[in-house]
Amino acid sequence: MSSALPHVYISEFKHHVGEQVRLKGWVYNIRSSGKLMFPEFRDGSGIVQGVVSKKDVSDSVWQQFETLTQESSVIVTGTISKHPKLENVYELHVSDLDIIHIAHDYPITPKEHGVEFLADKRHLWLRSKRQWAIMRVRHEVINAIRDFFNQRDFTLIDSPIITPNAVEGTTTLFELDYFDLGKAYLTQSGQLYGEASAMAFGKVYVFGPTFRAEKSKTRRHLTEFWMVEPEMAYYDLEMTMALAEEFVEYIVQRVLEKRKEELTVLERDLTKLEKITRPFHRLSYTDAVEWLNKHNVKLIKKAADGSETEIDFPWGEDFGAPQEEALMAQFDKPCIIHRYPAEVKAFYMKRDPENPKLALAMDMLAPEGAGEIIGGSQREDSYEALLERLREHNLPQEPFEWYLDLRRYGSVPHSGFGLGLERTVKWICGLEHIRETSPYPRMIYRNTP
RNA sequence: UCCGCGAUAGCUCAGCGGUAGAGCAAUCGGCUGUUAACCGAUGGGUCGCAGGUUCGAAUCCUGCUCGCGGAGCCA
């Protein structure tokens, strides 16, 4: 047996050309041509083509290869060489084989499958090349997020997943029974806790799962997703927008630097990502409305009887998908839209001192139709103003007493934003559907596997 | 919640009133540089469920179930 030979991961093959090594992995696909066989192996670090020549191996090894099926697990001994025709491609000239387990009738065949079928087999789908590439990009985005904030002296503070009340009062939450304390909810944002933490640690970030029980059925929505939410004491809206731009540039350039192979598997147009450098675009809400009307982007109003009428976009209305799409069509970089009408935004956002009808809010829209990836704002730091906002939004004061404490004891201007991990990965990978960005996605009509 | 679309072999789909089909996968055979390899053969079906129209329904009609996409909401 050749157990003395070193085990080498496929990703390291380029450093071991000419050496005899062992590969521990699975059969990805097999092609054969008479006395030649081309099994493809994967081991989690990559995929490599094996070459088995009948004249070079014993009869028993050849016969063993003939029994291999897709996704059977194997330990293969062979010599690494360069591909005779392709640049920067390596192959394994096989001399010996240990079969660990033979897989029977692996359901995901090398042919097209529908999304529903693949979603049912998500636990197996993750083994395929595309999903491998996406998860590796996701991993890199997560690392970039952590590194970005850690390098800038932010402290990671985890917010609770189980919360006693709604943050914004608008979205639908997952409800659960919490012993004798009554109803509790799965968090839809760690922001309020982020604010409290920022008063203790200056600059913090919350990074964890978030839950929304809305019945959204689109390519942009999951019911469970990850969000990173930095929150900074003594930051105003301008500083926050600048940080958000630096942050997004950092993430994209980092993925471009470290995960080119994965992006290539996904056939991503790298030139589109290379352009994601500052300065990004910025547009006030008011200017955006003006632009929409100048370019005849109408708002479709639906009446109760189902009839539709097209009207000029009225100032004060929130943007929907058609408006965001039209605005972004002119840009190949992200664009921040800031200073929205206060009425369409959350209670905790600070009013613009120069125009109280505006909130110091901002959204970052990504290009190529990727949509909103960031939402943020400067927070209301006045006790009296915040109290008034709670009343305007018909929110009870009692559950927010702890939050009001932040304005009672050493209140300071502060700001923050939230970035959706899966939407960012979807954009960077150039995916059609957000479901592929989560290893085990949760959607309105699916919570399995 | 609203508006569209769909359900036929393990998978992807064609068939749209007259004996249920193809490609891939599976099984068997052929091929020494293949790249979702290719070539030949074999097996494989409660046409989502229930009812109706008809001499005859996968096909037309009604209801139901499940799913997909979009809107709204948002990251």
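Chain letters run A, B, ... following the sequence lines, proteins first, then strands; residues in each count from 1.
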Practice task
May I ask you to check whether A/Y205 and A/F148 place their ring centers less than 6.0 Å from one another?
Solution key: no

Exercise for the section: Provide the distance between the two P atoms, one in B/rG6 and one in B/rG15, to the nearest whole Å. Expected result: 12 Å

Practice task
Find the distance A/M37:CE to B/rC38:P and express it as a whole number of Å.
Solution key: 17 Å

Problem - Integer-rounded Å distance: B/rC68 C1' and A/D120 CG - result: 13 Å

Problem - Same-atom distance (P) from B/rG63 to B/rC74, integer angstrom - result: 35 Å

Practice task
Kindly indicate whether the side chain of A/H221 and the base of B/rC74 share any N or O donor-acceptor pair separated by less than 3.5 Å?
Solution key: yes

Problem - Under 4.0 angstrom between A/K85 side-chain N/O and B/rU34 OP1 or OP2 - result: yes

Handout entry: Residue-phosphate contact under 4.0 Å: A/R435 side-chain N/O, B/rG69 OP1/OP2
Key = yes

Handout entry: B/rA14 and B/rU59, which share atom name P, separated by this distance in whole Å
Key = 16 Å

Practice task
Considering just the side-chain nitrogens and oxygens of A/H433, establish if one lies under 4.0 Å of OP1 or OP2 belonging to B/rG69.
Solution key: yes

Handout entry: Pairwise P distance for B/rU53 and B/rA58, with rounding to whole Å
Key = 16 Å

Problem - A/E224 side chain reached by A/M443 side chain, heavy atoms, under 4.5 Å - result: no

Exercise for the section: Kindly confirm or rule out a cation-pi arrangement of A/K55 over A/W62, judged by NZ or CZ under 6.0 Å from the six-membered ring centre and within 45° of its axis? Expected result: no

Exercise for the section: Select base, sugar-phosphate, or nothing to describe what A/L421 touches, counting heavy atoms under 4.0 Å on all strands. Expected result: nothing

Handout entry: Presence of A/N29 side-chain N/O under 4.0 Å of B/rA37 phosphate oxygens OP1/OP2
Key = yes

Exercise for the section: For residues A/A361 and A/M349, report the shortest heavy-atom separation together with the two atoms involved. Expected result: CB-SD, 3.5 Å

Handout entry: Side-chain N,O (A/K217) to OP1/OP2 (B/rG69) below 4.0 Å
Key = no

Practice task
Sticking with atom P, work out how far B/rG69 lies from B/rU42, rounded to a whole angstrom.
Solution key: 40 Å

Completion exercise
Annotated structure of RNA chain B as dot-bracket, pair cut-off 3.5 Å, Watson-Crick or G-U only, | for inter-strand, is ((((((((.[[[[.)..(..]]]].(((((.......))))).....[[[[[..)....]]]]])))))))....

Exercise for the section: Answer with yes or no whether A/R423 presents, from its side chain, a donor or acceptor under 3.5 Å of a partner atom in the base of B/rC74. Expected result: yes

Exercise for the section: Considering only atom C1', compute the distance from B/rC73 to B/rG17 and round it to an integer number of Å. Expected result: 46 Å

Practice task
Assert yes or no for the condition that the ring centre distance of A/F280 to A/F331 is strictly below 6.0 Å.
Solution key: no

Practice task
Give the rounded distance in Å between these two atoms: NZ of A/K426 and P of B/rC74.
Solution key: 18 Å

Exercise for the section: Kindly say if A/R220 contacts the phosphate of B/rG69, meaning a side-chain N or O under 4.0 Å from OP1 or OP2. Expected result: no

Fill in the blank from the handout: Result for 5'-nearest mapping on RNA chain B, choosing between A/F225 and A/A321, is A/A321

Practice task
State whether A/F149 and A/R146 meet the cation-pi test: NZ (Lys) or CZ (Arg) under 6.0 Å from the six-membered ring centroid, and within 45° of the perpendicular axis.
Solution key: no

Problem - Approximate separation, where rounding is to 0.5 Å, of A/H101 NE2 and A/T69 OG1 - result: 8.5 Å

Problem - Any N/O donor-acceptor pair, A/Q49 side-chain to B/rU34 base, under 3.5 Å - result: yes

Exercise for the section: Assess the pair A/W226 and A/F207: is the distance between their ring centroids shorter than 6.0 Å? Expected result: yes

Exercise for the section: Can you tell me the distance, in whole Å, between the CZ atom of A/R446 and the C1' atom of B/rC68? Expected result: 11 Å

Fill in the blank from the handout: Side-chain contact check for A/H113: nearest option of B/rU12, B/rG72, B/rG33 is B/rU12

Handout entry: Summary of protein contacts for nucleotides 25-32 of chain B, nucleotide by nucleotide, where a base hit scores B, a sugar-phosphate-only hit scores S (4.0 Å, heavy atoms)
Key = SS----BB

Practice task
State the CG-CD distance between A/N29 and A/E40, to the nearest 0.5 angstrom.
Solution key: 5.5 Å

Handout entry: Separation of the C1' atoms in B/rU62 and B/rU54, to the nearest angstrom
Key = 16 Å

When the side chains of residues 338-346 of chain A are checked against the rest of the protein, which donor-acceptor pairs come out under 3.5 Å, sequence neighbours left out?
residue, atom, partner, partner atom, Å
A/R339, NE, A/D352, OD2, 3.3
A/Y340, OH, A/D363, OD2, 3.3
A/K345, NZ, A/D363, OD2, 3.4

Exercise for the section: Could you tell me the separation between the CD atom of A/E40 and the C1' atom of B/rU34, rounded to a whole number of Å? Expected result: 10 Å

Exercise for the section: Pick base, sugar-phosphate or nothing for A/E91, based on heavy-atom distances below 4.0 Å to the nucleic acid. Expected result: base

Practice task
Starting from P on B/rC73, measure out to CZ on A/F319 and report it in whole angstrom.
Solution key: 12 Å

Problem - Same-atom distance (C1') from B/rG21 to B/rG44, integer angstrom - result: 13 Å

Handout entry: Earlier contact from the 5' end, RNA chain B, for A/E325 and A/E372
Key = A/E325

Problem - Atom OH of A/Y403: over 12 foreign heavy atoms under 6.0 Å - result: yes

Handout entry: B/rG69 base / A/E432 side chain donor-acceptor hit below 3.5 Å
Key = no

Practice task
Kindly check if the number of other-residue, nucleotide or ligand heavy atoms within 6.0 Å of CD (A/E267) is above 12?
Solution key: no

Exercise for the section: With the side chain of A/F38 defined as its heavy atoms from C-beta on, choose the nearest nucleotide among B/rA75, B/rU34, B/rG72. Expected result: B/rU34

Problem - Neighbour count >12 (heavy atoms, 6.0 Å) for atom CD, A/E432 - result: no

Handout entry: hbond_proxy A/S216 side chain to B/rC74 base (donor-acceptor, 3.5 Å cutoff)
Key = no

Handout entry: Gap between atoms CD and P, on A/E214 and B/rA75 respectively (whole Å)
Key = 9 Å

Exercise for the section: Quick one: label A/G320 by what it contacts on the DNA or RNA (base, sugar-phosphate, nothing), any heavy atom closer than 4.0 Å. Expected result: sugar-phosphate

Exercise for the section: Give A/L419 one of three labels, base, sugar-phosphate or nothing, depending on what nucleic acid heavy atoms sit under 4.0 Å from its own. Expected result: nothing

Problem - Distance, rounded to the nearest Å, where A/E71 contributes CD and B/rG10 contributes C1' - result: 16 Å

